Amino acid sequence: MIVTDPAYKDPLLYVDNLSVSFDGFKAVDGVSFFVDPNEIRVIIGPNGAGKTTVLDLICGKTRATSGSIRFHDQDLTRMSENGIVKAGIGRKFQNPSIYDDLTVFENLEISFPRGRNVFGALTFKRDAEVRERIEDIAETIFLADRLDERAEYLSHGQKQWLEIGMLLIQDPELLMLDEPVAGMSVSERGKTAELLHKIIQGRSVLVIEHDMKFVEDIAHRVTVLHQGKVLSEGSMEHVKNDPKVIEVYLGH
Amino acid sequence: MKDINDARENPFFRRQELIGLLIFAALILVVFPAFLDTFRLNLVGKYLTYAFVTVGLVICWGYGGILSLGQGIFFGLGGYCMAMFLKLEASSVANTKIQSTPGIPDFMDWNQLTALPWFWKPFHSLPASVIAVIVVPTAFAFVIGAAMFKRRVGGVYFAIITQAVALILSILIVGQQGYTGGINGITDLRTLLGWDIRTDHAKFILYFVNCLLLLGAILLTQYVTKSKLGRILVAMREKEDRVRFSGYSVADFKIFAFCFAAALSAVGGAMFTLQVGFMSPSFVGITPSIEMVIYTAVGGRMSILGSVYGALIVNFAKTTLSESFPELWLFGLGALFIAVVLVIPDGLAGMLSHYIAPYLGKLKPASDAVNGKSPLNQTPAE
Ligand SMILES: Nc1ncnc2c1ncn2[C@@H]1O[C@H](COP(=O)(O)OP(=O)(O)OP(=O)(O)O)[C@@H](O)[C@H]1O
Ligand SMILES: [Mg+2]
């Protein structure tokens, strides 16, 4: 296991010896890693390696069997899902998860970080600040001219961008993306890489991705998971040449 | 460009919605009273009390996707709270001097009760009773909702549980005859603060009170659907986890939707008691609860007014058909439900906007055509 020296920098996210088992099956098994401020970290690994489960654990969807997840000074394993969002973590799901029956504008509006309790939602005003922010984000995610369309009419790639936009509007410090370019065309992938580079300012991004070309494009560091464990970690160059990684993942 | 701005304006009423509401108001406030005799008008008034339930179901089921098969619980509790007040007023010592214990409701006396049970005592006061009409059913809904939604029980399981609660409550009411009036319910209600509610004149007045309350409920519900909360309910129905991981406590919103529907149902129940003059367990159990869902499905579960028309139309049909073919009615109702679910999932309102609105749109400026099949659906600007 590769352990980075914890003293060298203050990490934003510190996952320590994290494990979860489902009916005795260890989907995540003693995983540790750090994510630094303003870092784009990519997690790769074969199907079923436990990548999605790691994100589930961080955002509170799944509860850890053991280990801890520190974000700033908070232990996320003890917090509610909405508490974790408020702490500054946004998460995109593996399948585009947007609201088909609402317009693109309304999809983004729901993620605007105001009026998140019942009373706040009843009295929420769609004021100039909200509109401007939504129009801004829509520009960033290439959907400025689609704001008033029902989201179901978007292409698959546009739905992925919309969900990224819904997270951006929350302005999270840590953005977690599960296979954001899966099913995208080559030109859409290029635009997504451009998008990620643009939004990295002032936040960290944790991305799960299979597309190696895309990973090379964006990753600062790469973590390779295999059978619930960290197999290798480091720069893309390092990981690509690691014989263990070539054997279980890149070889085929 | 104007269309786009209109869509984001999110006005309280779109023009079509406003016209629809005005037509409905004219129908119940002018047309029905002008053309129906008191008996028929009172019948319509009774149907309109069910509309409180269907409007609540639009929020809870249509928007929130929470199917409750137990709305009779709240309709009944509201109705019982009202009936308890009226019964106590009708059971004055003077009216009940032939009883072995004068001054308590007749059914208590028949069941050898010699004193008014503690939970009946607040119902001597009208203000307390009116508060109870809203608070008791809503608090009960809150308890059910909190117990279920905090544990993430939803969908079919929730529907079955509401049905079980409705069944248990109706059995309880029937069984506890001395406290509740049993299977016959609370009957022989006479006056409200000395005003005889059984006269034609009183029924006429109560009809209008009911109409105004219903219009108020419709406006309130319209507000909810137009607020961000309305859109969150739709979002939750579609992608619950996405809403949860956007920082919302999903359970709180479900509890709100369920309590809101319960409170409206309760007002309907209280108005039912006032207009019909009794309340019985047959309005609490499974059958009425399911019928309410059918009215909503027929009218359109995403349309407030549609659901109201659903209650009216199905009940007109019920009254007409069950006079001629009483045995066939239940089968007819079941068949109707299946047909609606299979053929017009958005109900009559959905059919109207889907098949007819496009033609209207061609006759009018394009901006009026932006209505979609529900108040939420903003079709793309052409
Ligand atoms: N809630 C759960 N209950 C039981 N098993 C689960 C659960 N979630 C995940 N698993 C199992 O854990 C393992 C890891 O799954 P995970 O979805 O994290 O893999 P992944 O690395 O994201 O794979 P992919 O590349 O296919 O998305 C799989 O074998 C999966 O079946
Ligand atoms: Mg996965």
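Only a predicted model underlies this, so the values are computations on that prediction, with no experimental measurement involved. Just so it is clear: chains get the letters A, B, ... in the order the sequence lines come, proteins before strands, and each one is counted from 1.
Counting non-hydrogen atoms of neighbouring residues, nucleotides and ligands closer than 6.0 angstrom, the OH atom of B:Tyr223 exceeds 12 such neighbours. Around atom CD of A:Gln94, more than 12 heavy atoms belonging to other residues, nucleotides or ligands sit under 6.0 Å away. Within 6.0 Å of CZ on A:Phe22 lie more than 12 heavy atoms contributed by other residues, nucleotides or ligands. Counted within 6.0 Å of CZ on A:Arg63, heavy atoms from surrounding residues, nucleotides or ligands total more than 12; the atom is thus considered enclosed. Shown here is A:Phe142, whose CZ atom has more than 12 heavy atoms of other residues, nucleotides or ligands within 6.0 Å.
Atom CD of B:Glu238 is separated from atom CG of A:Asp101 by 4.0 Å, given to the nearest 0.5 angstrom. We find the NZ-CD distance between B:Lys228 and A:Glu106 to be 12.0 Å, quoted to the nearest 0.5 Å. If you take CZ on B:Arg231 and OG1 on A:Thr103, they are separated by 8.5 Å, rounding to the nearest 0.5 Å.
Contact detail for A:Ala121 and B:Ile232: the closest heavy-atom pair is CB-CD1, 3.8 Å. Residues A:Leu167 and B:Arg242 share a closest heavy-atom pair of CD2-NH2, 3.5 Å. When every heavy atom of A:Val85 is checked against every heavy atom of B:Ser246, the shortest pair comes out as CG1-C, 3.8 Å. For A:Ile98 against B:Lys239, the heavy-atom pair with the smallest separation is O-NZ, 3.0 Å.
Looking at B:Tyr248, the atoms closer than 4.5 Å to chain A (heavy atoms on both sides) sit in the backbone and in the side chain alike. Interface remark: A:Phe112 contributes backbone atoms only to the contact with chain B (heavy atom separation under 4.5 Å). When heavy atoms are compared at a cutoff of 4.5 Å, B:Val250 does not approach chain A at all. When heavy atoms are compared at a cutoff of 4.5 Å, A:Lys125 does not approach chain B at all.
The ring pair (Phe, Tyr, Trp, His ring centres under 6.0 Å) pairs that include a residue from residues 74-102 of chain A are A:Phe93-B:Phe245, where partners are two or more places apart or lie in different chains. Evaluation of the salt bridge (charged side-chain N to carboxylate O under 4.0 Å, His left out) test over residues 114-123 of chain A, restricted to residues two or more places apart or in two chains, returns A:Arg114-A:Asp127, A:Arg114-A:Glu129.
B:Leu229 pairs in a side-chain contact (heavy atoms from CB on, under 4.5 Å) with only one of the listed residues (A:Val118, A:Asn117, A:Thr123), which is A:Val118.
Contact tally against chain B (heavy-atom pairs below 4.5 Å) for A:Ile84, A:Leu147, A:Ile169: the top residue is A:Leu147. Listed options A:Gly60, A:Gly120, A:Gly115, A:Pro113 were ranked by heavy-atom pairs under 4.5 angstrom with chain B; first place goes to A:Gly115.
With salt bridges taken as basic N to acidic carboxylate O contacts below 4.0 Å, one links B:Arg152 and A:Glu81.
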